[in-house]
Amino acid sequence: MTSVSPQPLIRPDKDRFLAEENPFEAMMSRFDYAAQRLSLDPGIYKVLRAPEKQIIVAVPFQRDSGEIEVLTGYRVLHNRARGPAKGGIRFDLNVTLDEVKALAAWMTWKCAVVNIPFGGAKGGVVCDPSTLSNAELERITRRYTAAIIETLGPDSDVPAPDVNTNERIMAWVMDTYSMHVRHTVNAVVTGKPVEMGGSLGRREATGRGCMIVTREALRRLRMPVEGTRVVVQGFGNVGSVAAQLMEQQGMKVIAVSDKSGGIYNPKGLKIRELVQHVRQHRFLADYREAEHITNEQLLTLDCDVLVPAALENVITRENAPQIKARIICEGANGPTTAGADRILEENGVFVIPDILANAGGVTVSYFEWVQDRGGYFWDEETVNQRLERIMVRSFEEVAGMAARHKLNLRIGAYMLAIDRVAAVHRLRGLYA
Ligand code: NAD
């Protein structure tokens, strides 16, 4: 990136969001910079930074004990210029309106980067699912769905799973919505069980997308795929699938971690065995066949590719100078703080940004929505081939934008996305 510093020219409330970890700041600082490089019209800038709709609801529910409690739920629709809003629902104690707003905007850019006809949304309920029974979770899900029902619908707002929500919960959302509108509407959510209109290949889609863009990055940097040393943080849906598929491509996964810690073997780990181990024992901590390391050590290991696929804000100003990977593939949302970006760039690290790297999930969610609406379901090979085509094309478009403007891929991705959303706003005009 050139050294032009992002000027808060248009944004009046920048000072409120100074903390490096603030997710809204992380998003807005990149957005501001990209908007400036695009010479975005100030009017469109104002439209794009304001979420279209923010809903706060009370979610009363009855505990199994009979006691009544009231939780807070949010749903933010950031922008629907390009199509229905798309974005997950998370159940977590850390959910805040600021976070949901940032994540909703991220979804707008992510859908535009892969050029699928969706806008961005996000939702959440402030709760600790580990303290809730299945029956309590179901009551919360159904009441939250009923509370935001006016926004939902295949043509307006389509949720999906996110932190601590899964296909079981999506089935309850779909059922609640369908009971309200008096007929079955499976296209109202994605990430559903395959038996009720989910898509084959959805579960693996995000990890598969990470593998595809990493392979493309290696090709671009003229690095061999065979023997490339990979380190993966997070061994859940995204991390474990990315590790397996990268191994299948001939890469050597030398370290992986989960919240119990990391394991390392410079000769390469046996990923299939680790998946079995986690299936049986839940965590990697007691796996015997490798050296144990901390998550902090894992991030700074000598390797070619680092895949942060667990949490946000793990690569910061503090540890960025020690990162030795040549490529970072952001499987998680927001794993790199804005402060770390510049350090990584100075050190020549090639970062495949989250809004491109983990967009495989929303791409196959789009396929699910298309299949539900068409009532015609594709085989897994078709899903994977179409995903491959979109990820490769998107990587080339982002890399092309970045190269034309002599910027890094992150700003290139934001520019591509903002340009696409702004173009639709210009064409549609302002409804008065
Ligand atoms: P998951 O719950 O399946 O897995 C998360 C993994 O991270 C687990 O292995 C967990 O043990 C590990 N983890 C948790 N805390 C950790 C810590 N402090 N240090 C190291 N590891 C830790 O979640 P997931 O679906 O794989 O999602 C991971 C990330 O990818 C999230 O940021 C999510 O928003 C993002 N993402 C997921 C998808 C998807 O389709 N699942 C799509 C886009 C983005």
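Atoms within a ligand are numbered from 1 in the order they appear, just like the ligands themselves.
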Can you list the residues that meet the ring pair (Phe, Tyr, Trp, His ring centres under 6.0 Å) rule with His425, with sequence neighbours excluded? none
May I ask you to say whether [X] pairs ionically with [Y], meaning some side-chain N is under 4.0 Å from a carboxylate O?
X      : Y      : result
Arg229 : Asp304 : yes
Arg410 : Glu330 : yes
Glu396 : Arg220 : no
Lys192 : Asp372 : yes

Quick one: are Leu274 and Leu284 in side-chain contact, heavy atoms under 4.5 Å? yes
Can you tell me which residues line ligand 1 if we count any heavy atom under 4.0 angstrom from one of its atoms, in chain and number order? Arg202, Thr206, Gln233, Gly234, Phe235, Gly236, Asn237, Val238, Asp258, Lys259, Asn295, Ala309, Ala310, Leu311, Gly331, Ala332, Asn333, Asn358
